[in-house]
Amino acid sequence: MHYVDGFVAAVPTANRDAYKKYSEGFAAIFKEAGVLHYVETWGVDVPEGKLTSFPMAVQCKPDETVVFSWMTWPSKEVRDAAWDQLMKDPRFDPAVTPMPFDGKRMIFGGFEVLVNR
């Protein structure tokens, strides 16, 4: 059964190009690790909620844009084995590849695919 890792973050709007370049690099690394599909999106119509919302979840500031990203793995087992190796990969070290956003405000989770049409 396919497995999805999903991410939401707030990126300084001025860092859009840097974020795209950063994401393209990580897409290649994740593909090497077995990811089937990797998607990065840039928020265009992401309203602030009254109780909860993507912007509220990542404490988005006025000069930031919400990004929503996901990657599909063949299975949770493939994903878990890959993440173990990826965490040892020096390219994942923020000192080597600095994030163009505040990673402390990123939210993420792993999801089992229920419907895929």
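Note that the coordinates shown come from a computational prediction; the quantities given were computed from them, not determined experimentally.
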Take the angle between the ring planes of F54 and F68 and call it parallel below 30°, perpendicular above 60°, tilted in between.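 Answer is tilted, since the angle falls between 30° and 60°.
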Between [X] and [Y], which heavy-atom pair has the shortest distance, and what is it?
X	Y	value
P74	G34	CD-O, 3.4 Å
V39	H37	CG2-CE1, 3.6 Å
W73	L36	C-CD1, 3.9 Å
P100	P12	O-CD, 3.5 Å

Looking at D84 and K88, is any side-chain nitrogen of the basic one under 4.0 Å from a carboxylate oxygen of the acidic one?
no
Notebook entry, point to check: Should the pair R91-D89 be classified as a salt bridge under the 4.0 Å nitrogen-to-oxygen rule?
Noted result: yes
Can you list, pair by pair, the side-chain donor-acceptor contacts under 3.5 Å of residues 102-111, counting residues two or more places apart and other chains?
from	atom 1	to	atom 2	distance (Å)
D102	OD1	K104	N	3.0
D102	OD2	R105	NE	3.1
R105	NH1	V58	O	3.1
R105	NH1	Q59	O	2.6
R105	NH1	E64	OE1	3.0
R105	NH2	E64	OE1	3.4
R105	NH2	E64	OE2	2.6

Tell me whether [Y] is reachable from [X] by hopping between hydrophobic residues (I, L, V, M, F, W, Y) whose side-chain heavy atoms are closer than 4.5 Å.
X	Y	result
W42	V66	no
V11	V8	no
F101	W70	no
Y38	M87	yes
M71	M99	yes

Would you say that [X] contacts [Y] through its side chain, given a criterion of any heavy-atom pair below 4.5 Å between the two side chains?
X	Y	result
V4	V113	yes
H2	N116	yes
K20	R16	no
P55	V46	yes

Any donor and acceptor pair, going by atom type alone, linking the side chain of K76 with main-chain N or O of E112 inside 3.5 Å?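 No; judged by distance alone, with no hydrogens or angles, the pair does not exist.
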Q) Quick one: does T97's side chain have a donor or acceptor within less than 3.5 Å of a partner on F92's backbone? A)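 Flag not set: sc T97 to bb F92 has no pair under 3.5 Å.
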(message) Set out, in order, the CA-CA distance, both residues' side-chain angles and the distance that settles side-chain contact (heavy atoms from CB on, under 4.5 Å) for Y22 and N15, then state yes or no.
(response) CA-CA 10 Å; Y22 175 87; N15 287 358; over 6 Å; no
NZ (K31) with more than 12 external heavy atoms under 6.0 Å: yes
- [ ] Give the C-alpha distance, both sets of side-chain angles, the deciding distance and a yes or no for side-chain contact (heavy atoms from CB on, under 4.5 Å) between V35 and T72.
- [x] CA-CA 6 Å; V35 160; T72 306; 5.8 Å; no
* Asked: Do W83 and D5 have side-chain N/O donor and acceptor atoms under 3.5 Å apart?
  -> yes
Next on the checklist: Is it the case that the side chains of E40 and Y19 hold a donor-acceptor pair, with the cut-off being a distance below 3.5 Å and no angle test?
Outcome noted: yes
